[in-house]
Trainee: 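Pasting in a structure now, in structure tokens, and then I'll have a few things to ask.
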Amino acid sequence: MAIIKGEALLIGLHPDLVRVIKRAAMSIDFVVTEGLRTLTRQKQLVAEGKSRTLNSRHIKAKNGLGHAVDIYPYVNGKIVMDWAGGHFA
């Protein structure tokens with residue numbers, strides 16, 4: 001199992017979060033799509049309706065690190081991004 005792509009997106013994240021992501025990758029395949037974000041990027045996501053807050057844990061905190069990632073499962077050679085009824089389709 002592995003992080004299929006996006007390991008570079010773990011740069012700038014809190015080391016504990018990076019350890020959790022790498023540990024999860026030992027059991028399941030997934031894709032990291034976003035890690036640390038700029039405030040500009042977060043504003044863009046809010047404007048597009050893809051996020052609801054400018055107070056995201058993706059943005060660098062006072063400790064200089066991000067505390068969130070976006071991940072999606074990787075199943076049968078495909079990134080699964082469909083969310084239906086609270087479960088990935």
Trainee: Report the C-alpha distance between Val69 and Leu17 in whole Å, list the side-chain angles of each, state the deciding distance to 0.1 Å, and finish with yes or no for side-chain contact (heavy atoms from CB on, under 4.5 Å).
Mentor: CA-CA 9 Å; Val69 293; Leu17 178 56; 4.1 Å; yes
Trainee: Listing request: all salt bridge (Lys or Arg N to Asp or Glu O under 4.0 Å) pairs with a residue in residues 60-72, at least two apart in sequence or in separate chains.
Mentor: Arg37-Asp70
Trainee: Determine the minimum heavy-atom distance between Leu65 and Leu13, stating which atoms define it.
Mentor: CD2-O, 3.9 Å
Trainee: Restricting to non-hydrogen atoms, name the atom on Val18 and the atom on Leu10 that form the minimum distance, rounded to 0.1 Å.
Mentor: CG2-O, 3.7 Å
Trainee: Any non-hydrogen side-chain atom of Val46 less than 4.5 Å from a side-chain atom of Lys43?
Mentor: no
Trainee: Return the CG to CG distance between Leu45 and Leu54, rounded to the nearest 0.5 Å.
Mentor: 10.0 Å
Trainee: How about Arg41 and Glu34: do any of their side-chain heavy atoms sit closer than 4.5 Å?
Mentor: yes
Trainee: For the pair Glu7 and Lys22, evaluate side-chain contact (heavy atoms from CB on, under 4.5 Å) and give the outcome as yes or no after the intermediate values.
Mentor: CA-CA 9 Å; Glu7 193 159 348; Lys22 288 185 175 184; 3.4 Å; yes
Trainee: What heavy-atom pair brings Val80 and Tyr72 nearest, and what distance separates the two atoms?
Mentor: O-CD2, 3.5 Å
Trainee: Rounded to the nearest 0.5 Å, what separation is found between the OG1 atom of Thr38 and the CD atom of Gln44?
Mentor: 8.5 Å
Trainee: Sequence neighbours left out, what passes side-chain contact (heavy atoms from CB on, under 4.5 Å) with Ile59? Give chain and number order.
Mentor: Leu39, Gln42, Ser56
Trainee: Can you see which heavy atom on Phe30 is nearest to which on Ile21, and at what distance?
Mentor: CZ-O, 3.4 Å
Trainee: If you draw a 6.0 Å radius around CG in Asn63, do more than 12 non-hydrogen atoms from other residues or ligands fall strictly inside?
Mentor: yes
Trainee: Considering only residues two or more places apart or on different chains, which pairs with a residue in residues 6-28 satisfy ring pair (Phe, Tyr, Trp, His ring centres under 6.0 Å)?
Mentor: His14-His67
Trainee: Atom CD1 in Ile71, atom CG in Leu9: separation rounded to 0.5 Å?
Mentor: 12.5 Å
Trainee: Do you reckon Met81 sits in the same ILVMFWY cluster as Val31, going by side-chain contacts under 4.5 Å, direct or chained?
Mentor: yes
